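Here is the structure we will look at, set down as structure tokens.
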Amino acid sequence: MNYLMKNVEMPLIPVVAELEANGYQIDCGYFTALKAYLEPEQALVLADIQATAGAEFNPASPKQLSKLLYEDLGLPVLKKTEKGSPSSDEESLYSLRDAHPVVGKILEYRKTGKIISTYCSFPNEVDSDSRLRPEYNQMGAITGRFTATKKIQTLPKNDRYGIRNGFIAPLGFKIVGADFEQQELYILAAVSGDQAMLDAIANGIDLHGLAAKKVFGLACNPDEVKILHPEKRGQVKSVQFGILYGMEAQSLANKLSLSLKAAEELIDGYFKVFPDVKLFIEKTRDLAVKNGCLVDVFGRLKLVPDAQITSKSKLGLQSKALRETQNFPIQAAAATITKLAMIRCHNHIREFHPQIKMILSLHDELQFQVPDDEVEHFASELPGLMTNLGVESFGFKIPFKVSVTSGQSWGSLVAHRPASLECAR
DNA sequence: TACTTCGGCCAC
DNA sequence: AAACGTGGCCGAAGTA
């Protein structure tokens, strides 16, 4: 049996079974109250919109909305959908918000509607013990990431209504979370073997700050860039982020409002700082073109037949395949690391903390429901369980950084501080 | 009614 | 405000 099957996917099956059986406690009253508050508000906004558009008008219908905006009101079409219809998505509406007062109201209606229809329905979806039990598909994404049902992976973050506050620990328990910090960047450093990136991570230097300093020839220390040159750091951060997702120069230019040439120079500058990252990306893309498939460091396979397209009329398809190619080895290795973390944490709590339940796995983060009197101990153990997984499984040169949080609900998790440090004040 | 497609939007 | 990768869920509208 290959590595992934023997050491990852098979041992993971009972872990996922438990995760699904455990579920996540929901504060149903929170969501019923929120819904009761929002629905009358939404009705007022609807009436307001219908005063402009007519009583039959449904702003939730993209078709009706397009007719209103682009035919009746004559607003300019800024963007088309996949199928070529005029788009009324958030991006377009945001640009049109000053062109007519109804546009802003529609944006508000959409935002609130999403909360009501998608995120206030949990009381109808929980079991009789008020726990939400999503199904996890451990082979759901081609990269090895999980997919899951019941919206558990897409709860709004930093939203006005605090949806995540409704995901709670029962009385006498806390939620404890463990995150791999900048997991995909660590993976990029590890799989590319780029020494400058590895060194920066090993020494705890701000990666974006370091890159910005070198690209723009700044005089300050890397860690001062965040304060002294936040906009330059932001540009480099976009390059860094884009590399993980296969972004090309034109998209970066649009994102940063730069010329194509300036964007290319920015990317070139970045690659001069981290030359082996550039080499890794080139090698990855070349392999996909040559073979029509690629394999990540753990042996996970992705077919990318479109990478071999040469017909000029289909270069868009090839570009998409190459972006997927660039992202795959990073996202796939990250997924395997998180799966290894699940297995190790599961084995650990079975042996030492039978009262602790794993209740969430979310790409680079795990959460547990922990009895109050075990929080301190378990939180102190988590980094030791997770940081060395890459080193041990594949000889990564650097350990991961794991941050631990705790709180009474998902929405109120804060950095966990050992109790021994709390008496200072 | 039941299913599919589309446009839209939430997360990592 | 995002824009690039991986996904699932919602309502509207069309089809069987």
Side-chain angles (χ1 to χ4, degrees), chain A residues 57-67 78-97 106-107 109-122 125 134-137 139-159 161 163-164 179-185 187-188 238-258 263 267 281 284 300 302 304 316 319-335 338 360-366 410:
Chain A
F57 181 72
N58 181 0
S61 161
K63 198 174 169 185
Q64 293 181 36
L65 185 55
S66 283
K67 179 178 177 299
L78 303 174
K79 180 178 166 183
K80 301 249 176 129
T81 68
E82 183 80 16
K83 302 288 175 185
S85 321
S87 173
S88 60
D89 66 1
E90 191 178 2
E91 177 193 349
S92 309
L93 263 48
Y94 190 85
S95 302
L96 294 171
R97 68 195 186 286
I106 288 163
L107 280 168
Y109 185 85
R110 281 249 187 84
K111 209 59 153 181
T112 309
K114 179 81 176 177
I115 296 290
I116 294 173
S117 66
T118 306
Y119 297 113
C120 284
S121 56
F122 291 115
E125 299 167 18
E135 290 181 13
Y136 287 81
N137 180 348
M139 301 300 281
I142 191 66
T143 53
R145 273 190 179 182
F146 286 96
T147 58
T149 62
K150 298 193 176 175
K151 301 157 280 192
I152 193 71
Q153 292 179 319
T154 55
L155 297 187
K157 190 177 182 175
N158 305 322
D159 61 309
Y161 305 107
I163 296 300
R164 292 180 177 204
D179 289 52
F180 287 106
E181 283 188 26
Q182 295 194 297
Q183 187 190 34
E184 294 196 339
L185 270 182
I187 299 276
L188 177 62
S238 294
V239 175
Q240 191 107 238
F241 190 61
I243 283 171
L244 301 177
Y245 290 163
M247 190 173 65
E248 283 142 14
Q250 183 60 62
S251 308
L252 183 71
N254 295 346
K255 177 180 169 71
L256 300 178
S257 302
L258 298 173
I267 293 172
I281 288 169
T284 302
R300 208 176 289 277
K302 176 182 167 76
V304 276
S319 290
K320 179 166 167 46
L322 291 178
R323 287 196 299 275
E324 294 173 8
T325 294
Q326 186 167 325
N327 174 260
F328 176 79
I330 301 164
Q331 191 180 122
T338 297
L360 179 75
S361 174
L362 187 45
H363 307 315
D364 61 353
E365 170 185 18
L366 303 179
W410 188 347

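Here the structure is a predicted model, which means the values were calculated and not measured. Quick note on labels: first sequence line is chain A, next is B, and so on, each numbered from 1.
At least one donor-acceptor pair under 3.5 Å links the side chain of Gln326(A) to the backbone N or O of Ile243(A). The closest donor-acceptor contact from the side chain of Glu90(A) to the backbone of Lys111(A) lies at 3.5 Å or more, if one exists at all. Proximity of a side-chain donor or acceptor of Ser117(A) to a complementary backbone N or O of Gly113(A) within less than 3.5 Å is detected.
Rounded to a whole angstrom, the distance from the C1' atom of dC4(C) to that of dC6(B) is 22 Å. The same atom, C1', is picked in dA1(C) and in dC9(B); the two are 14 Å apart, to the nearest Å.
At least one side-chain nitrogen or oxygen of Thr81(A) sits closer than 4.0 Å to the OP1 or OP2 atom of dG7(B). Look at Lys114(A) and you won't find any side-chain N or O under 4.0 angstrom from OP1 or OP2 of dC9(B). At dC12(B), none of the side-chain N or O atoms of Thr154(A) fall inside 4.0 Å of OP1 or OP2 (strictly under the cut-off). At the phosphate of dG8(B), OP1 or OP2 sits under 4.0 Å from a side-chain N or O atom of Ser87(A). Look at Lys79(A) and you won't find any side-chain N or O under 4.0 angstrom from OP1 or OP2 of dA3(C). Listed pair Asn58(A) / dG11(C) fails the phosphate criterion, with no side-chain N or O lying under 4.0 Å from OP1 or OP2. Residue Lys157(A) places at least one side-chain N or O under 4.0 Å from the OP1 or OP2 atom of dC12(B). Note on Arg145(A): every side-chain N or O is 4.0 Å or more away from OP1 and OP2 of dG7(C). For dG8(C), neither phosphate oxygen OP1 nor OP2 lies less than 4.0 angstrom from any side-chain nitrogen or oxygen of Thr149(A). In terms of phosphate contacts, Gln64(A) brings a side-chain nitrogen or oxygen within less than 4.0 Å of OP1 or OP2 of dA13(C). One finds a side-chain N or O of Lys151(A) lying less than 4.0 angstrom from the OP1 or OP2 phosphate oxygen of dC10(C).
Contact record, Lys302(A) with Ile142(A): NZ-CG2, 4.0 Å, taken as the closest heavy-atom pair. Taking each heavy atom of Ala141(A) and Thr147(A) in turn, the nearest pair found is N-CG2, 3.9 Å.
Within 4.0 Å (heavy atoms only), Glu90(A) reaches sugar-phosphate atoms of the nucleic acid but no base atom. Heavy atoms of Glu91(A) sit under 4.0 angstrom from at least one base atom. Among the heavy atoms of the strands, none lies under 4.0 Å from Phe328(A). Counting any heavy atom pair closer than 4.0 Å across all strands shown, Ala335(A) reaches no nucleic acid atom. Backbone-only contact: Arg164(A) has heavy atoms under 4.0 Å from sugar-phosphate atoms and none from a base.
The side chain of Lys255(A) has dA3(C) as its nearest neighbour among dA12(C), dA3(C), dT6(C). Checked against dG7(B), dA3(C), dC10(C), the side chain of Glu82(A) finds its nearest nucleotide in dG7(B). Candidate nucleotides dG11(C), dT6(C), dC10(B) were compared by shortest atom distance to the side chain of Ala141(A), and dT6(C) ranks first. Considering only the side chain of Asp89(A), dC9(B) comes nearest among dC9(B), dC4(C), dA2(C). Checked against dA12(C), dC10(C), dC4(C), the side chain of Ala60(A) finds its nearest nucleotide in dA12(C). With dA3(C), dG7(B), dC10(C) as the candidates, the nucleotide lying closest to the side chain of Ser85(A) is dG7(B). Closest contact between the side chain of Ser117(A) and the listed nucleotides dG5(C), dA13(C), dG11(C) involves dG11(C). Closest contact between the side chain of Arg110(A) and the listed nucleotides dA12(C), dA11(B), dG8(B) involves dG8(B). Side-chain atoms of Ile142(A) lie closest to dT6(C) of the nucleotides dT6(C), dA1(C), dA12(C). When distances run from any side-chain atom of Asp364(A) to the nucleotides dA1(C), dC12(B), dT6(C), the shortest one goes to dC12(B).
Annotation: side chain of Phe146(A) is not in contact with side chain of Leu362(A) (no heavy-atom distance under 4.5 Å). Residues His363(A) and Gln183(A) have side chains not in contact (no heavy-atom distance under 4.5 Å, counting atoms from C-beta outward).
For the side chain to side chain contact (heavy atoms under 4.5 Å, CB included) with Ser88(A), the qualifying choice from Lys79(A), Gln64(A), Arg110(A) is Arg110(A), the only one to do so.
If you measure from atom CD1 of Ile152(A) to atom P of dT6(C), you get 23 Å, rounded to the nearest angstrom. The nearest whole Å value for the distance from the OH atom in Tyr245(A) to the P atom in dA3(C) is 10 Å. Computed from coordinates, the Ile106(A) CD1 to dC9(B) P distance equals 12 Å when rounded to whole Å. The interatomic distance linking Arg97(A) (CZ) with dA1(C) (C1') rounds to 8 Å, in whole Å.
Relative to the six-membered ring of Phe122(A), Lys151(A) meets both conditions, a distance below 6.0 Å and an angle of at most 45° to the axis.
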Enumerate the protein-to-nucleotides 14-16 of chain C contacts in which both atoms are nitrogen or oxygen and the separation is below 3.5 Å.
residue, atom, partner, partner atom, Å
dG14(C), OP1, Lys63(A), NZ, 2.9

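There is no side-chain donor-acceptor pair under 3.5 Å between Ser251(A) and Asn254(A).
Along DNA chain C, the nucleotide closest to Glu248(A) and the one closest to Gly140(A) are compared, and the more 5′ of them pairs with Glu248(A).
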